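A quick write-up on the structure given underneath.
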Amino acid sequence: MITSSPAFGHDKDDVDEIDPEPLGLLGRWLPPAESELRPLMTLSTIGLDGFPDTRNVLLSGFDGNALSFHTDTRSRKAHELAADPRVALALVWPDAGRQVIVQGYAVPTDAAASDAAFAERSRYLQLLAWTNDAPTAALPRNARRERWDRFGSDHPDGALSAPPTWVGYRVTPTRVTFWRGDTDGPSNRIEYRRSGDGWAVSHLPG
Ligand SMILES: Cc1cc2nc3c(=O)[nH]c(=O)nc-3n(C[C@H](O)[C@H](O)[C@H](O)COP(=O)(O)O)c2cc1C
């Protein structure tokens, strides 16, 4: 868990001491579940034209097994994931000299889980989920703001449940790579790949 800026590149006494599985370590690198400061994560998908596609989303949570994020069923990424659920995720803490890269499969969560995540979103993000559609995006700025204001006053704080277009995904890692900077020497990069019931671990340069 990163609570403040740790010494650059040091999160344990001996970074060469290998955890046999990466998910516990991943949990220690991420902010606690109750933190409002969800990290931003680059989510890469495979475009419908075969080209890589990418964008940033908020990491909604990590339950010890899977990372989750939320989006709109009408979005390009949702269409891409329906065609091919393979994703890569990148989280970076430049000040702490750390990066985590994850590969895995994105699987939609059930409605109860996505409803619960919506309830935890800020008022601003709830309004965004309801009003951020293609017709609104095509309006001029003043008209977009009017729509936002009208929707907000018709739906007081606490009254909104998730729109039908709200969807969550869980990404269960198949590969996790931890990168730590080291001001006094080469960086430290450890890659875990799922192998049978366990993980194959490699030290990598770069
Ligand atoms: C700081 C920040 C946070 C964002 N969080 C989300 C998010 O949690 N979910 C989401 O769908 N889009 C989020 N976006 C918008 C996406 O980056 C993207 O523009 C949008 O989801 C459309 O992507 P797509 O057309 O590839 O589907 C965020 C953007 C920024 C800059």
Side-chain angles (χ1 to χ4, degrees), residues 2 5 26-27 29-96 98-141 143-145 147-148 151-152 155 157 160-173 176:
I2 296 172
S5 261
L26 182 56
W29 279 37
L30 297 174
E34 63 276 12
S35 167
E36 284 179 16
L37 296 173
R38 306 312 308 159
L40 204 54
M41 148 173 111
T42 305
L43 161 69
S44 298
T45 47
I46 298 168
L48 296 179
D49 57 2
F51 229 71
D53 203 356
T54 198
R55 78 289 290 159
N56 292 296
V57 294
L58 294 173
L59 171 65
S60 300
F62 175 63
D63 64 4
N65 288 306
L67 300 111
S68 58
F69 65 90
H70 289 81
T71 191
D72 191 302
T73 52
R74 298 162 295 183
S75 65
R76 185 156 54 197
K77 72 182 87 50
H79 290 111
E80 291 169 350
L81 291 173
D84 191 330
R86 289 178 296 171
V87 296
L89 308 172
L91 291 129
V92 63
W93 295 273
D95 294 344
R98 295 184 194 196
Q99 165 181 257
V100 177
I101 308 291
V102 169
Q103 277 187 344
Y105 295 87
V107 176
T109 62
D110 60 40
S114 60
D115 288 351
F118 185 84
E120 286 171 13
R121 283 286 212 255
S122 67
R123 166 84 172 157
Y124 176 84
L125 291 175
Q126 290 187 348
L127 289 175
L128 200 58
W130 273 98
T131 56
N132 208 12
D133 53 21
T136 307
L139 295 172
R141 183 163 79 167
R144 288 202 308 274
R145 287 181 165 179
R147 165 142 206 263
W148 176 277
F151 189 89
H155 299 86
D157 200 2
L160 280 175
S161 51
T165 49
W166 173 256
V167 62
Y169 290 88
R170 282 166 54 83
V171 178
T172 304
V176 189

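Computed from a predicted structure; not experimentally measured. Atoms within a ligand are numbered from 1 in the order they appear, just like the ligands themselves.
- Per-atom contact check: atom 10 (C) of ligand 1 touches the protein, criterion being a heavy-atom distance below 4.0 Å.
- The salt bridge (Lys or Arg N to Asp or Glu O under 4.0 Å) test with D53 is passed by exactly one of R86, K77, R76: R76.
- L127 is linked by a side-chain contact (heavy atoms from CB on, under 4.5 Å) to R123, W148, F151, L160, counting only residues two or more places apart in sequence or in another chain.
- Less than 4.0 angstrom separates some heavy atom of S75 from each of these atoms of ligand 1: 27 (O).
- Between atom 12 (N) of ligand 1 and the options L43, N132, V57, the minimum heavy-atom separation is to V57.
- Considering only non-hydrogen protein atoms, atom 21 (O) of ligand 1 sits nearest to K77 NZ, 2.5 Å.
- At a 4.0 Å heavy-atom cut-off, ligand 1 does not touch T45 at all.
- Looking at D72 and S75, their side chains never bring a donor and an acceptor atom within 3.5 Å of each other.
- At the shortest separation from atom 28 (C) of ligand 1 among protein heavy atoms lies N56 O, 3.3 Å.
- Across R55, R76, R38, heavy-atom proximity to atom 26 (O) of ligand 1 is greatest for R55.
- Distances from atom 5 (N) of ligand 1 to the heavy atoms of L58, L40, T71 show the closest one on L58.
- Side-chain atoms of R38 come within 3.5 Å of backbone atoms of L59 as a donor-acceptor pair (strictly under, hydrogens ignored).
- By the definition of a contact as any protein heavy atom under 4.0 Å away, atom 17 (O) of ligand 1 is in contact.
- Rounding to the nearest 0.5 Å places OG1 of T42 at 4.0 Å from CG of N56.
- Near R121, the atoms of ligand 1 lying under 4.0 angstrom from a non-hydrogen atom of the residue are 8 (O).
- For the side-chain contact (heavy atoms from CB on, under 4.5 Å) test, residues two or more places apart in sequence or in another chain that qualify with L125 are L58, R121, S122, L128.
- Going from atom CG of L91 over to atom CG of L67 covers 7.0 Å, rounded to the nearest 0.5 Å.
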